[in-house]
Amino acid sequence: MDKVVTSSNVFQTNKDRAAPLLEKLKADGIGHLIGGKLVPSISGATFETKSPVDGAVLASVARGNAQDVDRAATAASQAFKAWRAMSATMRKKLLHRVADAIEDRADDIAVLECIDTGQAYRFMAKAAIRAAENFRFFADKCADARDGFNMPGDEHWNVSTRVPIGPVGVITPWNTPFMLSTWKIAPALAAGCTVVHKPAEWSPVTADLLSRLVKEAGVPDGVLNTVHGFGEEAGKALTEHPAIKAIGFVGESATGSAIMAQGAPTLKRVHFELGGKNPVIVFDDADLDRALDAVVFMIYSLNGERCTSSSRLLVQRGIAERFIEKLTARVKALKVGHPLDPATEIGPLIHERHLEKVCSYFDIAREDGAIIAVGGKPHDGPGRGHYVAPTLVTGAQADMRVAQEEVFGPFLTVITFRDEDEAVGIANAVQYGLAGYVWTSDMGRALRVADALEAGMIWLNSENVRHLPTPFGGMKSSGIGRDGGDYSFDFYMETKHVSLARGTHRIQRLGI
Ligand code: NAD
């Protein structure tokens, strides 16, 4: 008889899968991938990475500095010529092989990501699959990457083409780190760039696995290099290295500013995906059941450690009381638990310092005069890790810190509004401009608000559903540039104009 799949036996299967992987990780440690070899730091320095679930040391990680970055940038420079010259068909084949390798190890990636970051299995199970899709999508675009325009003139035939910019640096954060790093690395490789990746120091585990999978898939040595370490050390050195032509960065807005300054002497091209304080606006004519599902999902999934989370709920006054009542019941019922348990909706936060930051907003909310309707305290979860109770703050005003600052946890701030103008005014009155969500059955209003919102991405009557060809990125302090589809190639490639004379035009004759 078939075994019945229950939440408890999936939890046990996940634990059984994780145990030998963690044992091996601890024994092997995590090294840099440089020029196709897994190596320790030149200095021999290491740091420990710990699980947010129970504080267990997961691995000793090579701590890179400027010397290691120099070695990786040199390897990326040496590999660039051949990778750039490789036929698009061959590059496509190799990137599909990486996608195959990710799919084969999707379950391993999922459980390791849960243990290393505290993210719940229900979301991480899909993150690895999405990472493979990122590689497949850009693999299929390899052949189009160099496409340009044909612009005939009176006397010249003009065409444009694109060429890869050179070795690039990719610096990534700790939230959904595996999926997110493939989102930057896959288009860079498809464009013909070589890469030095600096993963976040709080989540190095799956970046190590990605390095190994890319190598095993047969991608030539030096095409992807990974240097682990701290932002102010390895990250800074990467942004300053003269051989690195561009930096694709995902992280905090303040770090983006620092990187821009660090990269200025070498005129780095930069692409920034930064913080957000995204509004979800619910009008009184919306489908309130669907809106409620989306509101809860977009702030309490992924522990609220999500750049596109809808961390500000703007709800129209006439429906506010009823909507907040239902919302309160849902937030109270959220399941906080072990990240490997498929029933868990919220796992422990990434790090004790991040837990402290999120918890500091409980007092800030109270001092500002807002009401903590649900949560507002740490949570005693399995393993005694960095758990926090999902939190709902009501009665907030638009200028309060809880309505202005990115908390980056399961923390939702509710503000009420009178009409469309006021909603747009409140939505735009923050330094950020990443995403916006609008719920209404009036399509004219949906389009007016979409047009007026200062944000790079707007979803109407929807939660965030990513479609890979569309532009992803933010305005204001939320970023510079767009990812996705051809937009990614605009960043990782130089546009070149080639003009061929028909041989008929008059050339001015000097010195005769
Ligand atoms: P962070 O800025 O602290 O760190 C991100 C990366 O930058 C890490 O690898 C870190 O080591 C490195 N770094 C730090 N200082 C550096 C320096 N001076 N030079 C070079 N590199 C440096 O961000 P985080 O706390 O890891 O991630 C959370 C942030 O990321 C949130 O603000 C979130 O909104 C943002 N984020 C944005 C998007 C988006 O698409 N807009 C997506 C995910 C996360």
Side-chain angles (χ1 to χ4, degrees), residues 47 49 61 63-66 69 116-117 119 127 134 169-184 196-204 206-207 226-241 244 247-264 266 268 270-278 299 302-311 349-351 353-358 405-409 411 430-435 455-457 464 466 470-484 487-488:
F47 66 97
T49 185
V61 187
R63 175 177 169 171
N65 63 16
V69 167
D116 196 27
T117 68
Q119 293 286 351
N134 289 340
V170 169
I171 302 179
T172 49
W174 44 260
N175 65 318
T176 56
F178 191 84
M179 197 290 293
L180 220 146
S181 55
T182 63
W183 176 231
K184 312 298 285 184
V196 178
H197 177 207
K198 209 302 279 173
E201 51 270 46
W202 285 355
S203 60
T206 53
T226 308
V227 177
H228 294 277
F230 297 106
E232 299 72 18
E233 198 173 16
K236 182 168 182 284
L238 186 57
T239 62
E240 291 172 342
H241 201 287
I244 297 294
I247 296 286
F249 169 72
V250 187
E252 284 187 21
S253 303
T255 315
S257 298
I259 288 177
M260 197 173 240
Q262 291 160 196
T266 48
K268 287 280 183 297
V270 292
H271 183 172
F272 289 161
E273 289 177 9
L274 310 173
K277 188 75 179 175
N278 311 296
I299 181 66
L302 300 173
N303 293 350
E305 297 166 322
R306 177 178 198 161
C307 57
T308 51
S309 71
S310 55
S311 48
L349 302 185
I350 181 84
H351 196 273
R353 289 223 303 273
H354 189 56
L355 176 69
E356 272 167 32
K357 176 191 157 178
V358 171
E405 296 174 16
E406 186 184 44
V407 179
F408 219 55
F411 186 108
V430 291
Q431 61 159 322
Y432 297 107
L434 187 59
M457 297 172 283
N464 168 349
R466 187 81 191 100
T470 58
F472 185 101
M475 298 179 181
K476 295 155 74 175
S477 297
S478 288
I480 297 175
R482 296 292 179 271
D483 257 331
Y487 300 94
S488 296

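Read the numbers this way: they start at 1 and go in the same order the structure lists the ligands and their atoms.
Applying the salt bridge (Lys or Arg N to Asp or Glu O under 4.0 Å) test to E305 and every residue at least two apart in sequence or in another chain returns nothing.
Separating the CG atom in N464 from the CZ atom in R306 is a distance of 5.5 Å, to the nearest 0.5 Å.
Residue contact check for ligand 1: P199 places a non-hydrogen atom closer than 4.0 Å to it. Not a single heavy atom of F272 sits less than 4.0 Å from an atom of ligand 1. F249 counts as a contact of ligand 1, since one of its heavy atoms falls under 4.0 Å from the ligand.
Distances below 4.0 Å separate heavy atoms of F472 from the following atoms of ligand 1: 40 (O). The V250 neighbourhood of ligand 1 comprises atoms 5 (C), 36 (N), 37 (C), 38 (C), 42 (C), 43 (C), 44 (C), with distances under 4.0 Å to a heavy atom of that residue. Ligand 1 places these atoms under 4.0 Å from at least one heavy atom of G235: 19 (N), 20 (C), 21 (N). Less than 4.0 angstrom separates some heavy atom of L434 from each of these atoms of ligand 1: 41 (N).
No donor-acceptor pair under 3.5 Å is formed between the side chain of E273 and the backbone N or O of G473. At distances below 3.5 Å, at least one donor-acceptor pair connects side-chain atoms of N278 with backbone N or O atoms of S309. The backbone N or O of G474 lies less than 3.5 Å from a partner atom in the side chain of R482, making a donor-acceptor pair.
Residue F408 touches ligand 1 through its side chain alone, judged by heavy-atom distances below 4.0 Å. Residue R306 does not touch ligand 1, judged by heavy-atom distances below 4.0 Å. At a heavy-atom cutoff of 4.0 Å, ligand 1 is contacted by the side chain of I259 but not by its backbone.
Protein heavy atom closest to atom 9 (O) of ligand 1, with residue, atom name and distance, is T172 O, 2.8 Å. In this structure, the protein non-hydrogen atom closest to atom 35 (C) of ligand 1 is G251 O, 3.3 Å. The nearest heavy-atom contact from the protein to atom 12 (C) of ligand 1 is I171 CG2, 3.6 Å. Scanning the protein heavy atoms around atom 36 (N) of ligand 1, the nearest turns out to be C307 CB, 3.6 Å. Of the protein's non-hydrogen atoms, L274 O, 2.7 Å is the one closest to atom 41 (N) of ligand 1. Of the protein's non-hydrogen atoms, W174 NE1, 3.3 Å is the one closest to atom 24 (P) of ligand 1. For atom 22 (C) of ligand 1, the closest non-hydrogen atom of the protein is G231 CA, 3.4 Å. Residue, atom and distance of the protein heavy atom nearest to atom 34 (O) of ligand 1 are E406 OE2, 2.6 Å.
When all heavy atoms are compared, the tightest approach of L434 to G275 is CB-O, 4.1 Å. Of all non-hydrogen atoms in P204 and T49, the two that sit nearest each other are CD-OG1, 3.4 Å. Here the shortest heavy-atom pairing between Q262 and K236 reads NE2-CA, 3.5 Å.
H351 has its ring centre no less than 6.0 Å from the ring centre of W174.
Residue nearest to atom 2 (O) of ligand 1, selected from L180, T255, N175: T255 (by heavy-atom distance). If you check each of Q262, K236, E273 against atom 18 (N) of ligand 1, the one with the closest non-hydrogen atom is Q262.
There is no protein heavy atom less than 4.0 angstrom from atom 4 (O) of ligand 1.
K268 and T266 are linked by a side-chain donor-acceptor pair at a separation below 3.5 angstrom, with hydrogens and angles left out of the test.
A side-chain contact (heavy atoms from CB on, under 4.5 Å) with K184 is found for exactly one of I171, V170, N134, namely V170.
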Test log, rule side chain to side chain contact (heavy atoms under 4.5 Å, CB included), inputs T308 and F472
CA-CA 10 Å; T308 51; F472 185 101; 4.0 Å; yes

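Considering backbone and side-chain atoms alike, T239 places every N or O at 3.5 Å or more from each N or O of ligand 1.
Surrounding OH of Y487 are at most 12 heavy atoms belonging to other residues, nucleotides or ligands under 6.0 Å away.
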